[in-house]
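Worksheet: the structure to be examined is printed underneath.
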Amino acid sequence: MSGSYWTSTQRLEWQCSRSELQRRRQRLWRWEVGRWPQGLQLQSAADSADTADTIGDTSNDANVSVPASAPRTLPIHHRDLHYDKDYNLRIYCFLLVMKLGRRLNIRQTALATAHVYLSRFMLNASVREANLYLLVTTCVYLACKVEECPQYIRALVSEARSIWPEFVPPDPTKVTEFEFYLVEELGGWLEVHHGYDQIDALERASGIALSPDDVQQCWALLNDSYITDAPLVYPPHIAAAACMFVTLQVRRPQAQARYAQFLASSQIDLEEVQQVVQDMVTLYDHWDRYHEQWIKYLLRVLYLQKV
């Protein structure tokens, strides 16, 4: 693995412009529309209560409720089942990774790597053709190997099945089979650099001492940044600079001017930092409207019913 982001495969093979991301996603979108023009058949609103009861009885997770206004058919152009169209699905995928990782006490850098793998994979694959729960399990398994904190596959699969028993098969070889598919879709380029160490470097370079609570806030923001397109578009230090900017603005406004002066005198691209800050604002705006029960219901219909 390269010791520098600038010579890594992350930058040379996986750093995309926003226009390139849009082109790739539009290509996937057109493919989906051509393959599944009928959309997704859902329960009628009158059947919603029965469906919710059934789902509640079969899920080890929180009970899944169906909105009273649930349509009978979700058209293919609806955004709720497209990773790039709606933050609802993105947030849900991120929380799946975090939930499995925390159950196994996996360190945060490995979970961040797993989420980058998932985001890259979803540039090439549709949620309709890949079991997201098996994908999350495989991404965590592969990321732990790459980050040198490997997990026993049987323990990992057992834990995943305890959370999502309907979606993760008991046979561990299904994860190893999916791993080959995942590596192929990633082009074999598995190197991922993160911004966690960059926060310490920015603290030293700017001369602004962060309290343990400030550092914790920066890390929390950086974790959330993996829901956005920042890991696919910008170097890791840009996301770290943006998270430190937001943290100081909220917790240490008296140090904000000094930090802004440091950024202006550095070689850090201020426009890119501003864009990441805007992405984070957009994310939290969407998070206020996050509807986990709805996305659980859609995925259950998608994976467990014939559509």
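Positions are given from 1, in the same order as the sequence printed here. Only heavy atoms go into these numbers, but all of them, side chains included; no hydrogens, no water, no symmetry mates. From a predicted model like this one, the values you see are computed outputs, not experimental measurements.
No hydrogens or angles considered: nothing links the side chains of R289 and N88 as a donor-acceptor pair under 3.5 Å. Using modelled atom types, one finds no donor on one side chain facing an acceptor on the other under 3.5 Å when comparing H291 with Y297. Looking only at atom types and distance, the side chain of H194 has a donor-acceptor partner in the side chain of T113 under 3.5 Å away. Under 3.5 Å, the side chains of E292 and Y290 contain a donor-acceptor pair of N or O atoms.
A salt bridge links E166 to R300: one of the charged nitrogens lies within less than 4.0 Å of a carboxylate oxygen. Using a cut-off of 4.0 Å between Lys/Arg side-chain N and Asp/Glu carboxylate O, D279 and R18 are scored as salt-bridged. The existence of a salt bridge linking R90 and D229 is confirmed by a sub-4.0 Å separation between a basic side-chain nitrogen and an acidic carboxylate oxygen.
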* Verify side-chain hydrogen bond (donor to acceptor under 3.5 Å, both in side chains) between D285 and T282, making sure each step is shown before the conclusion. => CA-CA 5 Å; D285 181 56; T282 301; over 6 Å; no
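Residue Q254 places its CD atom among more than 12 non-hydrogen atoms of other residues, nucleotides or ligands, all under 6.0 Å distant. Residue-environment remark: CD (E177) exceeds the threshold of 12 foreign heavy atoms within 6.0 Å.
Judged purely by atom type and a 3.5 angstrom limit, S158 has no side-chain atom pairing as donor or acceptor with the backbone of A155. With S211 contributing its side chain and D214 its backbone, the two residues share a donor-acceptor pair below 3.5 Å. Judged by distance alone, with hydrogens and angles left aside, the side-chain atoms of Q256 form a donor-acceptor pair with the main-chain N or O of Q249 at under 3.5 Å. Not a single donor-acceptor pair under 3.5 Å links the side chain of W287 to the backbone N or O of I91. Checking side-chain atoms of E129 against main-chain N and O of S126 turns up a donor-acceptor pair under 3.5 Å. Panel note: side chain D171, backbone K174; no donor-acceptor pair is recorded below 3.5 Å. Between the H115 side chain and the Y226 main chain, a donor and an acceptor come within less than 3.5 Å of each other. The main-chain N or O of L190 is found under 3.5 Å from a side-chain atom of Y117 such that the two form a donor-acceptor pair. With hydrogens and angles disregarded, no donor-acceptor distance shorter than 3.5 Å links the side chain of Q217 to the backbone of T247.
Taken from CZ in R120 to CD in E13, the straight-line distance is 10.0 Å, to the nearest 0.5 Å.
The minimum heavy-atom distance linking T228 with M280 is given by the pair CG2-SD, 4.4 Å.
Using cut-offs of 30° and 60° on the angle between ring planes, the pair F167 and Y303 is perpendicular.
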